[in-house]
Protein chains: 2
Amino acid sequence: MDAPPRWLDPEQKAAWDSFIRMQETLIGRLSRRVQAESGMSASDYIVLHNLTERGDGRMRFLDLAKLVEWEKSRMSHQVTRMAKRGLVAREECPDDGRGAFIVATPAGYKAIEEAAPQHVEHVRRLFIDALTPNQLSTLGRISKRILDHMEKQPD
Amino acid sequence: MDAPPRWLDPEQKAAWDSFIRMQETLIGRLSRRVQAESGMSASDYIVLHNLTERGDGRMRFLDLAKLVEWEKSRMSHQVTRMAKRGLVAREECPDDGRGAFIVATPAGYKAIEEAAPQHVEHVRRLFIDALTPNQLSTLGRISKRILDHMEKQPD
DNA sequence: ACGAAATCGTTGACAGCTCATCTACTGGCG
DNA sequence: CGCCAGTAGATGAGCTGTCAACGATTTCGT
């Protein structure tokens, strides 16, 4: 045990560093934009987007949490804050006494409908437009591949 | 003005979604690992890594902040927390009365030296090993390209 | 040399995330 | 029925990140 660390070779390290910096810069800029332009946090945006995109803006708490792949505690805090700001509301679930529905309020719909087009523009401007269609689809395939690989890995 | 939103077409959206999910899952797992195995937060790791990698574990505050591309306020809070835990120390700068040096303590060195090999293993396991060398270098090139593109874009 | 502007870094308030713990309800099994 | 395991979700403490404002020093123009 305690084998010598297998450091990354220079090409691997270069690729990793570029990826990390790119991803951090991109996400950082996008979330600051959403925040500045809509007054919503990036998390608010994600929740409303997923809640309203398909369906009727109404979802079981844990279904929503699974959809966006968040821990339930994170979602619970998030919903509390958003409820405080009037973007969503909690509703009791008749079928299951423990359960709760999360519902987008009219203000929530308004917020996401105003924010979404701007957000798409920024995604285009910073990300999509940087690449040829081919590169974009390559990046998509590679991402999917990493994702599939991670699913097979512990933790 | 108020042109109709130009939504992403299905291939674009698929690529974007995969990328986002991949990146979130990957970063999330890596930082939980660092946290669990070394007791350091991902931010602690980044700071110590960059502070000790080249040079003598001693850097001007803003140089360090620029190196890791953080806002100075974030760095300041981070350094305060790390100093409290004994990982780094602040030192006055003789040349510039406003300035400060950040120095890695022996405990800081110990922490990063223990954590780094484990971290590399996780990067390999979750990321590098998912791809062929070709795919990895392609991802590196694409990342770099996005990065360069963003630098030319406002904010 | 002197005042204005720029630079270096800190601080406080507040929103967000994680982890552990807790309550309430359901559902299964004897 | 009655107990017990599992599920749904909330909560509190503590750490992290952001934004705006601030104090201290240096630099630059005149």
Side-chain angles (χ1 to χ4, degrees), chain A residues 24-25 27-48 59-103 155, chain B residues 24-25 27-48 59-103 155:
Chain A
E24 230 160 72
T25 308
I27 303 299
R29 285 207 196 187
L30 285 175
S31 42
R32 261 166 267 140
R33 279 286 188 171
V34 173
Q35 176 79 303
E37 289 171 0
S38 74
M40 285 191 287
S41 71
S43 304
D44 293 347
Y45 184 93
I46 292 172
V47 168
L48 280 175
M59 217 179 282
R60 275 297 288 271
F61 181 88
L62 277 190
D63 292 344
L64 182 55
K66 269 166 205 147
L67 182 58
V68 303
E69 302 189 282
W70 284 3
E71 297 186 5
K72 57 189 184 167
S73 147
R74 177 177 180 184
M75 183 59 82
S76 183
H77 284 298
Q78 182 66 30
V79 166
T80 301
R81 287 185 298 259
M82 291 178 74
K84 206 167 291 176
R85 281 179 247 139
L87 296 172
V88 300
R90 287 186 223 258
E91 272 183 27
E92 282 181 23
C93 174
D95 302 355
D96 188 333
R98 302 161 296 184
F101 280 102
I102 311 303
V103 196
D155 216 33
Chain B
E24 230 161 71
T25 307
I27 302 300
R29 286 208 195 185
L30 284 175
S31 41
R32 261 165 268 141
R33 279 286 188 170
V34 173
Q35 175 80 301
E37 289 171 358
S38 74
M40 284 191 287
S41 71
S43 304
D44 293 346
Y45 185 92
I46 292 173
V47 168
L48 281 175
M59 217 178 285
R60 275 297 290 270
F61 181 89
L62 277 191
D63 292 344
L64 182 54
K66 269 167 204 146
L67 182 58
V68 302
E69 301 188 284
W70 284 4
E71 297 186 5
K72 58 189 181 165
S73 147
R74 179 177 179 185
M75 184 57 82
S76 183
H77 284 301
Q78 181 67 31
V79 166
T80 301
R81 289 185 297 256
M82 291 178 72
K84 206 166 292 177
R85 280 180 249 138
L87 296 171
V88 299
R90 287 185 224 258
E91 272 182 26
E92 283 182 24
C93 175
D95 303 356
D96 188 333
R98 302 161 298 184
F101 280 101
I102 313 301
V103 196
D155 221 30

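Chain identifiers are assigned alphabetically (A, B, ...) following the order of the sequence lines, protein sequences preceding nucleic acid strands; residue numbering begins at 1 within each chain. Keep in mind that the numbers below use all heavy atoms, side chains included, and drop hydrogens, waters and symmetry copies.
Residue A:Arg81 has no polar side-chain atom (N or O) positioned under 4.0 Å from OP1 or OP2 of D:dA10. Applying the 4.0 Å criterion to OP1 and OP2 of D:dC15, one finds that B:Ser41 has every side-chain N and O outside that range. Taking only side-chain nitrogens and oxygens, B:Gln78 never comes nearer than 4.0 Å to OP1 or OP2 of D:dT16.
Listed by first then second residue, pairs satisfying side chain to side chain donor-acceptor pair (under 3.5 Å) with a partner in residues 60-69 of chain A read A:Glu69-B:Arg21, not counting sequence neighbours.
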*For every nucleotide of nucleotides 1-12 of chain C, 5' to 3': is a protein heavy atom under 4.0 Å from its base (B), only from its sugar-phosphate (S), or from neither (-)?*
------BSBBBB
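Side-chain contact between B:Trp70 and B:Leu64 is absent, with no heavy atoms from C-beta onward closer than 4.5 Å. When side chains are defined from C-beta on, B:Met59 does not count as touching B:Ile102, because their heavy atoms never get closer than 4.5 Å. Side-chain contact check for B:Ser73 versus B:His77: some heavy-atom pair is nearer than 4.5 Å. Residues B:Gln78 and B:Met82 meet the side-chain proximity criterion, which asks for heavy atoms closer than 4.5 Å.
No contact: A:Gln35 has no heavy atom under 4.0 Å from any strand.
A:Trp70 places its CH2 atom 17 Å from the C1' atom of C:dC19, with the value rounded to the nearest Å. Going from atom CZ of B:Arg85 over to atom P of D:dC15 covers 7 Å, rounded to whole Å. Here D:dA10 presents its C1' atom at 14 Å from CD of A:Glu71, a figure rounded to the nearest Å. Atom CD1 of A:Ile27 and atom P of C:dG16 are 17 Å apart (whole Å). Summarising the geometry, the separation between CD on A:Glu92 and C1' on D:dA10 is reported as 14 Å, rounded to the nearest angstrom. In this structure, the CZ atom of B:Arg33 is 16 Å from the P atom of C:dT18, given to the nearest Å. Put simply, NZ on A:Lys84 is 13 Å from P on D:dA10, counting in whole angstrom units.
Side chains of A:Arg90 and A:Thr80: a donor-acceptor N/O pair is present below 3.5 angstrom, by distance only.
Between B:Asp44 and B:Arg81 there is no salt bridge, since no side-chain N of the basic residue sits under 4.0 Å from a carboxylate O of the acidic one.
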